[in-house]
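Heavy-atom basis, side chains included; hydrogens, waters and symmetry copies ignored.
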Amino acid sequence: MKRLVLVAFLWGCTWIAKANYILIPMDKAQKNHLKAYGIAYWVLQKIGQEVDWLLNYRGGSFGTKFDPRIQNELSIRGVSFLVISSAQYNQVLAEIASPSANMDVVKLEKAPKIAVYSPKTKQPWDDAVTLVLTYAEIPYDLIYDDEIMQGKLIDYDWLHLHHEDFTGQQGKFYAMARNQAWYVQEKKELEALAKKWGFSKISQLKLAIVKRIREYVIGGGFMFAMCSATDTFDIALAAEGLDICESMYDGDGTDPQAQEKLNFQNTFAFKNFRLEKNPYVYEYSDIDNQQHERGVNEKTDFFQLFTFSAKWDPVPTMLTQNHETLIKGFMGQTTAFKNQLIKSEVVIMAENKVCNEARYIHGIQGKGTWTFYGGHDPEDYQHFVGEEPTDLNLHPNSPGYRLILNNVLFPAAKKKKQKT
């Protein structure tokens with residue numbers, strides 16, 4: 001009996017020695033896609049070990065050297081994985097390296113430090129990024145205007161902006177929420193913040209914030225924005241030096257020539273857009289493709305991910321890794337971007353051709369990059385103010401949320417020079 005136990009033990013040790021890699025598949029065989037990203041981050045942060053991102057291999061799988069701690073963490077979090085030998089892993093790498101295969105390997109080297117731009121007080125809506133970061137167990141810091149004005153952006157690799165109004169019009173909620181307690185309190189807090197930093201108007205503070213974020217990106221930062229943070233960011237840049245806020249927002253009227261004076265050279269993504277001047281309309285400009293213009297409903301609203309060359313265009317390939325290419329649409333204050341208002345140098349990564357709209361776009365600014373993702377919550381088609389947040393335990397394989405997490409890991413990648 002002792003001999004049998006010894007033989008079994010030695011056989012087990014030999015098997016583990018040969019089983020030198022862990023493969024985390026990201027195709028439809030994966031039980032929990034979202035937590036798999038958290039595992040990749042955890043390996044970088046806690047184990048201090050590189051992770052291979054196997055672009056276009058089984059849905060954008062992850063590979064890393066075998067470590068019993070990783071195996072244990074995968075089991076605890078309910079993430080599907082395979083333990084394979086070095087020879088088997090080398091076969092995978094050889095398949096990926098074939099010139100005929102639209103696949104590549106990107107090394108993830110260091111866990112990025114993540115900041116989420118959000119007020120510290122509770123808001124009457126959720127944030128898809130903080131929901132998925134929490135669910136995936138990826139750590140992040142909340143920062144807001146004080147931290148940005150104090151120059152703390154430099155401490156972070158990745159910055160997220162969500163349901164934010166950088167134009168100073170308080171989300172254009174005036175018509176529907178001006179008497180609600182949260183709206184009144186938010187206005188007081190923003191006015192106090194503006195005064196604290198020497199500005200007489202909220203719009204002036206927000207412009208200062210936008211310009212500091214622009215400097216952060218140009219200096220090499222990674223910015224990701226969703227919903228109204230996308231178009232209001234560019235509107236604020238285009239309207240620098242102009243008053244586009246009506247009296248209920250800042251105490252005086254707008255510049256009647258503001259539209260004609262917009263400077264589209266200042267913007268990241270959009271051009272030739274027209275402002276929505278009516279303060280009672282819940283919209284900022286015509287960048288956002290409206291529901292009556294789109295002609296779709298919850299059952300027919302989908303957008304298509306583009307397929308990029310992994311070996312030649314690794315950046316958009318990383319950002320579009322998924323087990324699905326057709327993603328169900330979802331609405332937000334800013335849902336989708338009219339194609340004709342997008343600058344020619346912007347990379348469109350997902351679109352609805354029928355609606356002539358882009359849903360997911362990317363660009364380079366200086367040494368850094370930005371990504372805009374239309375809509376509010378990928379698993380809640382039309383999320384209303386005050387509704388309960390989405391329970392991601394019900395959506396562990398969400399392809400829409402996967403696009404967010406692609407962006408979270410993107411700064412960890414060892415950069416390859418883009419060939420096109």
Side-chain angles (χ1 to χ4, degrees), residues 34 116 118 122-135 160-165 167 169-178 180 182-183 186 224-233 276 278-305 322 324 326-339 350-361 371-405:
L34 305 186
V116 173
S118 178
K122 182 173 172 58
Q123 293 182 297
W125 51 76
D126 60 298
D127 177 343
V129 172
T130 56
L131 287 178
V132 78
L133 288 173
T134 301
Y135 180 75
H160 164 59
L161 318 171
H162 198 76
H163 194 95
E164 183 63 41
D165 175 7
T167 70
Q169 298 175 91
Q170 258 195 286
K172 296 199 76 174
F173 282 110
Y174 182 77
M176 65 182 79
R178 62 184 178 274
Q180 293 189 26
W182 67 265
Y183 182 91
E186 181 186 80
F224 176 79
M226 286 187 71
C227 201
S228 59
T230 59
D231 51 352
T232 65
F233 186 89
E276 174 51 70
N278 189 337
Y280 294 93
V281 174
Y282 184 56
E283 193 59 71
Y284 303 102
S285 75
D286 62 350
I287 293 171
D288 184 22
N289 214 15
Q290 296 296 298
Q291 198 67 5
H292 68 274
E293 299 173 301
R294 303 179 68 227
V296 294
N297 56 42
E298 185 171 356
K299 292 182 179 179
T300 60
D301 193 354
F302 292 89
F303 58 91
Q304 183 78 40
L305 285 178
N322 221 303
E324 301 282 2
L326 191 65
I327 313 294
K328 64 180 182 180
F330 52 99
M331 296 175 65
Q333 185 176 13
T334 301
T335 299
F337 319 120
K338 290 186 175 70
N339 281 336
E351 71 173 0
N352 184 326
K353 279 191 175 181
V354 174
C355 300
N356 194 31
E357 66 185 23
R359 296 298 304 262
Y360 185 44
I361 62 178
T371 302
F372 289 171
Y373 189 17
H376 186 75
D377 184 331
E379 292 298 336
D380 187 345
Y381 186 71
Q382 191 173 5
H383 188 85
F384 293 100
V385 172
E387 284 188 343
E388 289 298 311
T390 297
D391 182 358
L392 287 180
N393 289 297
L394 304 176
H395 309 282
N397 308 106
S398 170
Y401 270 99
R402 274 198 70 179
L403 297 181
I404 297 173
L405 292 174

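Judged by distance alone, the side chain of D231 and the main-chain N or O of S285 form no donor-acceptor pair under 3.5 Å. Formation of a donor-acceptor pair under 3.5 Å by the T232 side chain with backbone atoms of S228 is found in this model. Between the side chain of E276 and the main chain of N278, a donor-acceptor pair closer than 3.5 Å is present. Not a single donor-acceptor pair under 3.5 Å links the side chain of R359 to the backbone N or O of L305. Of the possible polar contacts, one joining the Q170 side chain to the Y183 backbone as a donor-acceptor pair under 3.5 Å is found. Between the side chain of N356 and the main chain of K338, no donor-acceptor pair closer than 3.5 Å is present. No donor-acceptor distance shorter than 3.5 angstrom exists from the side chain of D301 to the backbone of V296, with no hydrogens or angles considered. Looking at N352, its side chain never comes within 3.5 Å of a backbone N or O of F303 through a donor-acceptor pair.
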Checklist entry - For H163 and M226, what are the C-alpha separation, side-chain angles and deciding distance, and is it a side chain to side chain contact (heavy atoms under 4.5 Å, CB included)? => result CA-CA 7 Å; H163 194 95; M226 286 187 71; over 6 Å; no
Checklist entry - Can you check side chain to side chain contact (heavy atoms under 4.5 Å, CB included) on S118 and T130, steps first, answer last? => result CA-CA 10 Å; S118 178; T130 56; over 6 Å; no
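Closest approach of A358 and I361 over heavy atoms only: CB-CG2, 3.8 Å. Shown here for D127 and V129, the closest heavy-atom pair between the two residues is OD1-N, 2.9 Å. The two residues G329 and Y381 come nearest to each other via the heavy atoms O-CD1, 3.3 Å.
Between the CG atom in D288 and the OH atom in Y282 there is a gap of 10.0 Å [rounded to 0.5 Å]. Between the CD atom in E298 and the CE atom in M331 there is a gap of 10.0 Å [rounded to 0.5 Å]. In this structure, the separation between NE2 on H160 and CD1 on I404 is 7.0 Å, given to the nearest 0.5 Å. A distance of 10.5 Å separates CG in L133 from OH in Y401, rounded to the nearest 0.5 Å. Distance CD/E293 to OG1/T335: 11.0 Å, rounded to 0.5 Å. Within the model, atoms CG of L34 and OG1 of T134 stand 12.0 Å from one another, a figure rounded to the nearest 0.5 Å.
Among residues two or more places apart in sequence or in another chain, the side chain to side chain donor-acceptor pair (under 3.5 Å) test is passed with Y360 by N407.
Between V132 and L405, some side-chain heavy-atom pair lies under the 4.5 Å cut-off. Between I327 and N322, the closest side-chain pair of non-hydrogen atoms falls below 4.5 Å. Taking 4.5 Å as the limit, every side-chain heavy atom of H376 sits out of range of all side-chain heavy atoms of Q382.
Classified by interplanar angle (parallel below 30°, tilted 30° to 60°, perpendicular above 60°), the ring pair W182/F173 is perpendicular.
For the side-chain hydrogen bond (donor to acceptor under 3.5 Å, both in side chains) criterion with E283, the lone passing option out of Q333, Q290, K172 is Q290.
Using modelled atom types, one finds a donor on one side chain and an acceptor on the other under 3.5 Å when comparing S398 with E379.
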